[in-house]
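This report concerns only the one structure given below.
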Amino acid sequence: MRHVSRRTVLAGAALTAGLANGLARPAIAQAAPLKVGMMLPFSGTYAALGENIAAAFELMLAESGGKFGGRPVTLVRLDDESDPAKAPANANRLVERDNVDVLLGTVHSGVVMALVQAAREHEVPLIIPNAGNVAATRELCSPPVFRSSFSNWQPAYGMGRVLAARGVKKAAWVTWDYAAGKESGDGFRDGLRAGGAELTHTLTLPFPETNFQPILAQLGGLGVEVVGAFFAGGGAIQFVKDYAASGLRDKIPLCGSGFLTEGVLKPQGAAANGIQTALHYGDGLDNPKNTAFRAAFKTKTSRDADVYAVHGYDAGQMLAAGLTATKGDATATQALAAGILAATIDSPRGPFKLSASHNPIQTMWLREARDGQNKVIGTAVEALADPGTGCKMAGA
Ligand code: PHB
């Protein structure tokens with residue numbers, strides 16, 4: 001059921017004003033700046049991830065002359081602190097108080113649910129530039145909701161497949177106890193199973209805690225050949241260091257979703273050497289788009305690009321494709337979706353298209369951390385789509 005929302009009222013007001021001035025509505029829509037509400041973590045364990053997403057989105061916008069679909073874009077930044085308890089108020093503030101036309105966010109899988117709800121309720125387009133919560137592109141899929149990143153299931157599934165193909169029979173999963181950790185554990189399990197291996201143990205601690213000692217103390221006695229993990233940002237730095245310091249590294253290899261070593265290799269230092277992970281990005285991907293992107297990102301930020309920066313850049317490219325199709329009208333949800341779905345996104349990770357449930361179909365690379373780089377050493381799974389189970393949208 002369609003709500004008579006703030007947006008419907010605003011659109012009506014604009015139309016009335018436009019007709020009174022003898023102007024057609026699209027001209028009004030194009031002249032007005034387009035407000036993008038950027039809800040990301042700029043503090044806490046995921047702060048560096050949010051900063052890279054924001055910087056790369058801004059980079060792509062600047063490369064587009066500051067406009068999408070002919071409309072100048074203004075950004076409203078909001079720090080969500082990766083705090084699910086504050087998420088509904090933050091998302092509503094952007095839509096109802098700041099009157100944003102488009103939502104961009106976020107990193108944390110719990111927090112993103114408030115954005116998904118706001119997007120569905122108010123029919124505001126939402127581009128998710130990280131959070132992998134599978135529901136966003138499965139049972140809660142919706143015409144205005146798109147992801148430029150991954151589903152939590154995808155990278156860990158790739159890792160599980162690689163291990164099983166190597167003959168590993170038993171593995172454990174270690175993670176934070178929230179959607180991203182659980183769902184990537186499901187992917188790991190499914191990937192292992194597809195090759196006849198088994199996930200025998202899952203060990204968790206609350207997000208964003210970093211007291212890993214009780215978990216590390218148990219791992220040696222589980223009888224597993226490999227430990228897989230989902231951690232990211234500040235927590236990933238600590239876990240990888242603690243795993244090495246515990247002496248487990250030489251007995252049970254550590255692997256995971258690529259976030260475990262992504263954007264954090266410098267502080268992890270030698271502790272990360274040899275860790276293999278699967279991800280839709282990696283160092284040494286040799287394509288012209290990646291070369292140009294990495295140079296431009298470095299010039300803008302003095303930092304090396306990582307997968308988070310790629311997500312932010314591609315969120316900009318997706319939004320540009322949608323708004324070009326609607327000539328800048330963010331309220332034309334169906335046409336915007338058609339524009340995004342028709343596009344092949346020229347991503348630094350390699351070109352990709354979205355699945356019918358609006359999640360990237362993309363290759364999972366196998367990488368190995370060595371001397372400060374996540375070197376691509378092979379392909380884990382080519383052109384992997386999230387199953388999109390339970391997505392009931394037309395066309396999905
Ligand atoms: C998530 O919560 O979905 C999440 C957070 C950080 C990552 C990946 C996924 O690096």
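Just so you know, ligand 1 is whichever comes first in the structure, and atom 1 is the first atom listed for that ligand.
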For atom 3 (O) of ligand 1, the protein heavy atom that lies nearest, with its residue and separation: Ser109 OG, 2.7 Å

Salt-bridge contact Arg294-Asp283 (side-chain N to carboxylate O under 4.0 Å): yes

I need the nearest protein heavy-atom contact for atom 2 (O) of ligand 1: residue, atom name and distance, please. Tyr178 OH, 2.5 Å

Closest protein heavy atom (residue, atom, distance) for atom 1 (C) of ligand 1: Val107 O, 3.1 Å

Determine, for Arg161 against Glu382, whether the closest basic-nitrogen to carboxylate-oxygen distance falls under 4.0 angstrom. no

Under a 4.0 angstrom heavy-atom cut-off, which atoms of ligand 1 come close to Ala131? 3 (O)

With nothing but distance in play, are any N or O atoms of Asn130 less than 3.5 Å from an N or O of ligand 1? no

Identify, for atom 10 (O) of ligand 1, the protein heavy atom at the shortest distance, and state residue, atom and that distance. Tyr308 OH, 2.8 Å

Are any non-hydrogen side-chain atoms of Val227 and Tyr243 less than 4.5 angstrom apart? yes

Ligand 1 to Asn133 polar contact by distance, N or O atoms, under 3.5 Å: no

Look only at interatomic distance and state if Leu49 has a nitrogen or oxygen under 3.5 Å from any nitrogen or oxygen of ligand 1. no

What part of Ala232, side chain from CB on, backbone N/CA/C/O, both or neither, has a heavy atom under 4.0 Å from ligand 1? side chain

Answer yes when Lys298 and Asp304 have at least one side-chain N-carboxylate O distance shorter than 4.0 Å, and no when they do not. yes

For Lys170, is there any backbone N or O sitting under 3.5 Å from a side-chain donor or acceptor partner on Glu225? yes

Any donor-acceptor pair under 3.5 Å linking the side-chain atoms of Asn374 with those of Thr277? no

Using heavy atoms and a threshold below 4.0 Å, how should the contact between Trp176 and ligand 1 be classified: side chain, backbone, both, or neither? neither

Check ion pair Glu58-Lys300 (N to O, under 4.0 angstrom): yes

For Cys141, does its backbone N or O pair with a side-chain atom of Arg120 as donor and acceptor, under 3.5 Å? yes

So the atoms of ligand 1 within less than 4.0 Å of a heavy atom of Phe150 turn out to be 8 (C), 9 (C)

Salt bridge check: are Arg349 and Asp314 linked by an N-O gap of less than 4.0 Å? yes

Under 4.0 Å from a heavy atom of Ala180: which atoms of ligand 1 are those, numbered in the order shown and with their elements? 1 (C), 2 (O), 3 (O)

Does any N or O atom in His108 lie less than 3.5 angstrom from one in ligand 1, N or O only? no

